[in-house]
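Encoded as C-alpha coordinates, the structure appears first; notes follow it.
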Amino acid sequence: LEWDLIPTSEGDGTVVWPSAAMMNVDTYYLDLFDHNSSSGLKTHSDGKREHSDILEVSSLRKLIYQTVTNTIDQNNLPTFIKLGKPIENKPYLRLIMHSPVSLEAFDSEGNRTGPLENHTQDPDVILGEANIPNSYYFEVGEHKYLGLSTDDQYQIKLNGLDIGMFTLEIQKTMNEEVLESFIYTDIPVALNTAGTLALNDNGSTLMLDIEGDGNVDFLINPGSPAPPDIFISVLITAVKQLSLPKGIEQSLLSKLENAS
(Lines give C-alpha, C1' and ligand atoms only; values in the text may rest on other atoms or scores of the structure.)
Protein backbone atom coordinates (compact mmCIF):
# COMPACT_ATOMS: atom_id res chain seq x y z
CA LEU A 1 0.00 0.00 0.00
CA GLU A 2 1.48 3.34 -1.08
CA TRP A 3 0.41 6.87 -0.26
CA ASP A 4 0.96 10.16 -2.04
CA LEU A 5 0.74 13.76 -0.90
CA ILE A 6 -1.85 16.01 -2.56
CA PRO A 7 -0.54 19.61 -2.43
CA THR A 8 -2.88 22.56 -2.89
CA SER A 9 -2.31 26.23 -3.74
CA GLU A 10 -5.61 27.29 -2.15
CA GLY A 11 -4.39 28.91 1.03
CA ASP A 12 -1.35 30.61 2.51
CA GLY A 13 0.80 27.50 2.79
CA THR A 14 -0.57 26.56 6.23
CA VAL A 15 -4.31 27.25 6.34
CA VAL A 16 -6.41 26.16 3.35
CA TRP A 17 -9.03 28.67 2.23
CA PRO A 18 -12.21 26.63 3.06
CA SER A 19 -11.12 26.62 6.70
CA ALA A 20 -10.47 30.37 6.72
CA ALA A 21 -13.71 31.24 4.90
CA MET A 22 -16.18 28.85 6.52
CA MET A 23 -18.05 31.52 8.53
CA ASN A 24 -21.10 33.16 6.96
CA VAL A 25 -19.71 36.72 6.96
CA ASP A 26 -18.27 39.14 4.42
CA THR A 27 -15.09 37.48 3.14
CA TYR A 28 -12.09 39.14 1.53
CA TYR A 29 -9.13 37.40 -0.04
CA LEU A 30 -5.50 38.46 -0.08
CA ASP A 31 -3.86 37.37 -3.33
CA LEU A 32 -0.54 36.47 -1.72
CA PHE A 33 0.84 34.97 -4.94
CA ASP A 34 0.32 38.20 -6.90
CA HIS A 35 1.66 40.21 -3.96
CA ASN A 36 4.89 38.21 -3.85
CA SER A 37 5.23 38.30 -7.65
CA SER A 38 4.64 42.03 -7.90
CA SER A 39 7.38 44.06 -9.58
CA GLY A 40 9.50 45.86 -7.02
CA LEU A 41 8.75 43.32 -4.28
CA LYS A 42 10.49 40.19 -5.58
CA THR A 43 13.96 41.14 -4.36
CA HIS A 44 12.70 42.69 -1.11
CA SER A 45 11.65 40.85 2.03
CA ASP A 46 8.09 42.11 1.50
CA GLY A 47 7.96 39.92 -1.62
CA LYS A 48 8.42 36.71 0.38
CA ARG A 49 5.42 36.84 2.68
CA GLU A 50 3.75 33.65 3.92
CA HIS A 51 1.49 32.46 6.72
CA SER A 52 3.93 33.30 9.52
CA ASP A 53 4.30 36.98 8.56
CA ILE A 54 1.15 37.61 6.54
CA LEU A 55 0.22 40.56 8.76
CA GLU A 56 3.30 42.37 7.45
CA VAL A 57 1.48 42.85 4.12
CA SER A 58 0.58 46.54 4.10
CA SER A 59 -2.63 46.14 2.07
CA LEU A 60 -3.91 43.55 4.56
CA ARG A 61 -3.23 45.87 7.47
CA LYS A 62 -5.10 48.58 5.56
CA LEU A 63 -8.08 46.25 5.13
CA ILE A 64 -8.07 45.45 8.85
CA TYR A 65 -8.04 49.18 9.66
CA GLN A 66 -10.95 49.78 7.29
CA THR A 67 -12.85 46.90 8.88
CA VAL A 68 -12.37 48.26 12.39
CA THR A 69 -13.34 51.80 11.35
CA ASN A 70 -16.21 50.58 9.13
CA THR A 71 -14.81 52.41 6.09
CA ILE A 72 -14.49 49.54 3.60
CA ASP A 73 -15.35 50.48 0.02
CA GLN A 74 -15.85 47.23 -1.91
CA ASN A 75 -15.42 49.13 -5.17
CA ASN A 76 -12.02 50.42 -4.11
CA LEU A 77 -10.32 47.70 -2.07
CA PRO A 78 -6.63 47.85 -1.11
CA THR A 79 -4.15 46.38 -3.61
CA PHE A 80 -4.15 42.55 -3.77
CA ILE A 81 -7.41 42.35 -1.78
CA LYS A 82 -10.28 40.67 -3.65
CA LEU A 83 -13.91 39.79 -3.08
CA GLY A 84 -13.61 36.41 -4.79
CA LYS A 85 -11.16 33.58 -4.30
CA PRO A 86 -8.05 34.18 -6.45
CA ILE A 87 -7.63 31.78 -9.35
CA GLU A 88 -4.27 30.70 -10.72
CA ASN A 89 -3.67 32.31 -14.12
CA LYS A 90 -0.22 30.86 -14.79
CA PRO A 91 1.41 27.45 -14.35
CA TYR A 92 3.28 26.40 -11.23
CA LEU A 93 6.24 24.00 -10.96
CA ARG A 94 6.20 21.11 -8.51
CA LEU A 95 9.30 18.94 -7.96
CA ILE A 96 8.98 15.58 -6.20
CA MET A 97 12.09 13.64 -5.21
CA HIS A 98 11.96 10.00 -4.13
CA SER A 99 15.42 8.98 -2.91
CA PRO A 100 18.44 9.48 -0.66
CA VAL A 101 19.24 12.71 -2.52
CA SER A 102 18.91 16.32 -1.34
CA LEU A 103 17.00 18.82 -3.49
CA GLU A 104 17.44 22.60 -3.64
CA ALA A 105 16.65 25.44 -6.06
CA PHE A 106 18.19 28.84 -6.80
CA ASP A 107 16.53 31.70 -8.71
CA SER A 108 18.17 34.35 -10.92
CA GLU A 109 18.70 36.59 -7.86
CA GLY A 110 20.53 33.87 -5.93
CA ASN A 111 17.63 33.21 -3.55
CA ARG A 112 17.53 29.62 -2.29
CA THR A 113 14.76 27.19 -1.43
CA GLY A 114 15.66 23.82 0.07
CA PRO A 115 16.67 21.97 3.24
CA LEU A 116 18.66 23.49 6.08
CA GLU A 117 21.19 21.74 8.29
CA ASN A 118 19.34 20.08 11.12
CA HIS A 119 19.64 22.27 14.22
CA THR A 120 17.20 20.24 16.35
CA GLN A 121 17.87 17.32 18.68
CA ASP A 122 15.62 15.07 16.61
CA PRO A 123 17.31 13.69 13.46
CA ASP A 124 13.87 13.01 11.97
CA VAL A 125 13.00 16.73 12.00
CA ILE A 126 14.23 18.38 8.80
CA LEU A 127 14.21 22.16 8.65
CA GLY A 128 13.83 24.01 5.36
CA GLU A 129 13.88 27.52 3.95
CA ALA A 130 11.88 29.10 1.12
CA ASN A 131 13.65 32.33 0.19
CA ILE A 132 12.49 32.26 -3.44
CA PRO A 133 9.21 34.20 -3.72
CA ASN A 134 6.14 31.93 -3.96
CA SER A 135 8.14 28.78 -3.29
CA TYR A 136 7.94 26.01 -0.72
CA TYR A 137 10.01 23.09 0.53
CA PHE A 138 9.17 20.25 2.89
CA GLU A 139 9.84 16.57 3.43
CA VAL A 140 7.52 13.70 4.31
CA GLY A 141 9.40 10.49 5.01
CA GLU A 142 11.94 10.00 2.22
CA HIS A 143 9.98 12.21 -0.16
CA LYS A 144 11.05 15.81 -0.83
CA TYR A 145 8.63 18.40 -2.24
CA LEU A 146 9.73 21.71 -3.76
CA GLY A 147 7.42 24.22 -5.45
CA LEU A 148 8.29 27.18 -7.69
CA SER A 149 6.42 29.78 -9.71
CA THR A 150 7.07 30.13 -13.44
CA ASP A 151 8.11 33.78 -13.04
CA ASP A 152 11.84 33.06 -13.18
CA GLN A 153 14.58 30.70 -14.37
CA TYR A 154 15.93 28.25 -11.81
CA GLN A 155 18.97 26.11 -11.21
CA ILE A 156 18.23 22.84 -9.44
CA LYS A 157 20.97 21.12 -7.46
CA LEU A 158 21.00 17.53 -6.22
CA ASN A 159 23.42 15.90 -3.80
CA GLY A 160 23.70 12.20 -2.99
CA LEU A 161 23.22 11.40 0.69
CA ASP A 162 23.85 7.66 0.34
CA ILE A 163 24.26 4.99 -2.31
CA GLY A 164 20.97 4.14 -4.00
CA MET A 165 18.67 5.26 -6.82
CA PHE A 166 16.46 8.32 -7.18
CA THR A 167 13.42 9.30 -9.18
CA LEU A 168 12.75 13.00 -9.77
CA GLU A 169 9.41 14.15 -11.16
CA ILE A 170 8.87 17.73 -12.34
CA GLN A 171 5.21 18.68 -12.80
CA LYS A 172 3.74 21.78 -14.38
CA THR A 173 0.37 22.44 -12.76
CA MET A 174 -2.44 24.99 -12.86
CA ASN A 175 -5.46 25.07 -10.54
CA GLU A 176 -4.46 21.68 -9.10
CA GLU A 177 -4.35 20.03 -12.55
CA VAL A 178 -1.11 18.53 -13.86
CA LEU A 179 -0.60 19.96 -17.35
CA GLU A 180 2.59 18.00 -18.11
CA SER A 181 5.41 16.26 -16.31
CA PHE A 182 9.03 15.26 -16.84
CA ILE A 183 10.52 12.27 -15.02
CA TYR A 184 14.05 11.07 -14.36
CA THR A 185 13.55 7.46 -13.25
CA ASP A 186 15.80 5.10 -11.25
CA ILE A 187 19.01 7.10 -11.55
CA PRO A 188 21.82 5.56 -9.44
CA VAL A 189 23.86 7.77 -7.11
CA ALA A 190 26.65 7.42 -4.56
CA LEU A 191 27.41 9.48 -1.48
CA ASN A 192 28.25 13.07 -2.57
CA THR A 193 27.13 12.52 -6.17
CA ALA A 194 26.20 15.99 -7.50
CA GLY A 195 23.54 16.79 -10.08
CA THR A 196 22.43 20.06 -11.68
CA LEU A 197 19.74 21.03 -14.14
CA ALA A 198 18.31 24.30 -15.42
CA LEU A 199 14.52 24.26 -15.48
CA ASN A 200 12.81 25.19 -18.74
CA ASP A 201 9.51 24.44 -20.47
CA ASN A 202 10.76 21.14 -21.93
CA GLY A 203 12.39 19.75 -18.85
CA SER A 204 16.17 19.84 -18.84
CA THR A 205 19.22 17.71 -19.34
CA LEU A 206 20.44 16.47 -15.95
CA MET A 207 24.20 16.81 -15.51
CA LEU A 208 25.49 14.18 -13.10
CA ASP A 209 28.88 14.22 -11.38
CA ILE A 210 29.19 10.76 -9.79
CA GLU A 211 32.23 11.39 -7.56
CA GLY A 212 31.35 15.00 -6.71
CA ASP A 213 34.72 16.19 -8.04
CA GLY A 214 33.33 18.96 -10.25
CA ASN A 215 33.49 16.96 -13.50
CA VAL A 216 30.26 16.06 -15.32
CA ASP A 217 30.25 12.30 -15.97
CA PHE A 218 26.80 11.70 -17.48
CA LEU A 219 24.02 13.66 -19.22
CA ILE A 220 20.50 12.31 -18.74
CA ASN A 221 17.34 13.57 -20.46
CA PRO A 222 13.90 13.24 -18.86
CA GLY A 223 12.12 10.06 -19.89
CA SER A 224 15.39 8.38 -20.90
CA PRO A 225 16.79 5.36 -19.01
CA ALA A 226 20.02 5.72 -17.10
CA PRO A 227 22.99 4.68 -19.28
CA PRO A 228 24.39 1.24 -18.29
CA ASP A 229 27.87 2.65 -17.54
CA ILE A 230 26.49 4.82 -14.76
CA PHE A 231 25.78 1.78 -12.56
CA ILE A 232 29.41 0.61 -12.79
CA SER A 233 30.62 4.15 -12.13
CA VAL A 234 28.50 4.41 -8.97
CA LEU A 235 29.74 1.02 -7.71
CA ILE A 236 33.37 2.04 -8.30
CA THR A 237 32.80 5.26 -6.36
CA ALA A 238 31.06 3.37 -3.54
CA VAL A 239 33.95 0.90 -3.23
CA LYS A 240 36.43 3.79 -2.96
CA GLN A 241 34.34 5.30 -0.15
CA LEU A 242 34.28 2.11 1.97
CA SER A 243 37.91 2.38 3.24
CA LEU A 244 38.50 -1.31 2.54
CA PRO A 245 41.92 -2.98 2.90
CA LYS A 246 43.98 -2.06 -0.16
CA GLY A 247 44.12 -5.58 -1.55
CA ILE A 248 40.38 -6.09 -1.40
CA GLU A 249 39.69 -2.62 -2.80
CA GLN A 250 42.03 -3.09 -5.75
CA SER A 251 40.55 -6.52 -6.50
CA LEU A 252 37.00 -5.16 -6.54
CA LEU A 253 37.95 -2.09 -8.58
CA SER A 254 39.75 -4.24 -11.12
CA LYS A 255 36.70 -6.47 -11.59
CA LEU A 256 34.37 -3.49 -11.91
CA GLU A 257 36.62 -1.70 -14.38
CA ASN A 258 36.82 -4.85 -16.49
CA ALA A 259 33.04 -5.04 -16.51
CA SER A 260 32.63 -1.47 -17.77
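Residue S99 comes nearest to F166 through the heavy atom pair CB-CB, 2.9 Å, listed as atom of the first residue, atom of the second, then distance. Residues P188 and D186 share a closest heavy-atom pair of CD-O, 3.6 Å. The nearest pair of heavy atoms linking P91 to K172 is CB-CG, 3.5 Å. Summarising the geometry of L146 relative to L148, their closest heavy-atom pair is CD2-CG, 3.5 Å, with the distance given to 0.1 Å. The two atoms that bring L161 and L191 nearest to each other are O-CD1, 3.3 Å, heavy atoms only. A130 and T113 make their closest contact through CA-OG1, 3.4 Å (heavy atoms, listed as atom of the first residue, atom of the second, distance).
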Test salt bridge (charged side-chain N to carboxylate O under 4.0 Å, His left out) applied to K82 and D34, step by step = CA-CA 11 Å; K82 301 179 179 180; D34 276 1; 3.7 Å; yes
task = Using the side chain to side chain donor-acceptor pair (under 3.5 Å) rule, take S149 and Y154 through it: C-alpha gap first, then chi angles, then the decisive distance, then the call.
result = CA-CA 10 Å; S149 74; Y154 305 99; 3.3 Å; yes
message = Quick one, N131 with E129, criterion side chain to side chain donor-acceptor pair (under 3.5 Å). Give me CA distance, side-chain angles, the key distance, then yes/no.
response = CA-CA 6 Å; N131 291 324; E129 64 178 358; 3.0 Å; yes
task = Please assess M97 against V101 for the test side-chain contact (heavy atoms from CB on, under 4.5 Å), listing each intermediate value before the final yes or no.
result = CA-CA 8 Å; M97 173 68 80; V101 174; 3.9 Å; yes
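Using a 30° and 60° split on the angle between ring planes, Y145 and F138 fall in the parallel class, below 30°. Taking the six-membered ring for Trp and thresholds of 30 and 60 degrees, Y92 and Y136 have nearly parallel ring planes, at less than 30 degrees apart.
Hydrophobic cluster membership of M174, counting Ile, Leu, Val, Met, Phe, Trp and Tyr whose side-chain heavy atoms lie under 4.5 Å apart directly or via other members: L179.
Side-chain polar atoms of Q74 and Y28 form a donor-acceptor pair below 3.5 angstrom.
The backbone N or O of Q171 lies less than 3.5 Å from no partner atom in the side chain of T173, so there is not a single donor-acceptor pair. With hydrogens and angles ignored, the 3.5 Å screen pairs no side-chain donor or acceptor of N111 with any backbone N or O of F106. The main-chain N or O of I230 is never found under 3.5 Å from a side-chain atom of S233 such that the two would form a donor-acceptor pair. Between the side chain of R61 and the main chain of E56, a donor-acceptor pair closer than 3.5 Å is present. When atom types are taken as modelled, the side chain of K144 and the backbone of P100 share no donor-acceptor pair closer than 3.5 angstrom. S204 places no side-chain N or O within 3.5 Å of a backbone atom of L199 that could act as its donor or acceptor partner. With R112 contributing its side chain and P115 its backbone, the two residues share a donor-acceptor pair below 3.5 Å.
Taking CG of N134 as the reference point, atom CG of L32 lies at 7.0 Å (rounded to 0.5 Å). To the nearest 0.5 Å, the span separating NZ on K240 from CG on L235 amounts to 12.5 Å. Considering CG of L63 and OG1 of T71, their distance stands at 9.5 Å, rounded to 0.5 Å. Distance check: S135 OG to L95 CG gives 11.0 Å after rounding to the nearest 0.5 Å. With rounding to the nearest 0.5 Å, the separation of CG in L206 from CD1 in I170 is 9.0 Å. Here K90 contributes atom NZ and N175 contributes atom CG; the two are 13.0 Å apart, rounded to the nearest 0.5 Å.
Linking ILVMFWY residues whenever their side-chain heavy atoms come closer than 4.5 Å, directly or via other members, leaves L197 and M207 in distinct clusters.
Scanning for side-chain contact (heavy atoms from CB on, under 4.5 Å) contacts around S254 gives N258, with sequence neighbours left out.
Here the side chains of F80 and N36 are not in contact, with every heavy-atom distance at 4.5 Å or above.
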Tell me which donor-acceptor pairs under 3.5 Å the side chains of residues 208-224 have, and how far apart each pair is, sequence neighbours excluded?
unit_1	atom_1	unit_2	atom_2	d
D209	OD1	G212	N	3.0
D209	OD1	D213	N	3.3
D209	OD2	D213	N	3.0
D209	OD2	G214	N	2.7
D213	OD1	N215	N	3.0
D217	OD2	I210	N	2.8
N221	OD1	T205	OG1	2.7

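Under a cut-off of 6.0 angstrom, the local environment of NZ in K62 is sparse, with at most 12 non-hydrogen atoms contributed by other residues, nucleotides or ligands.
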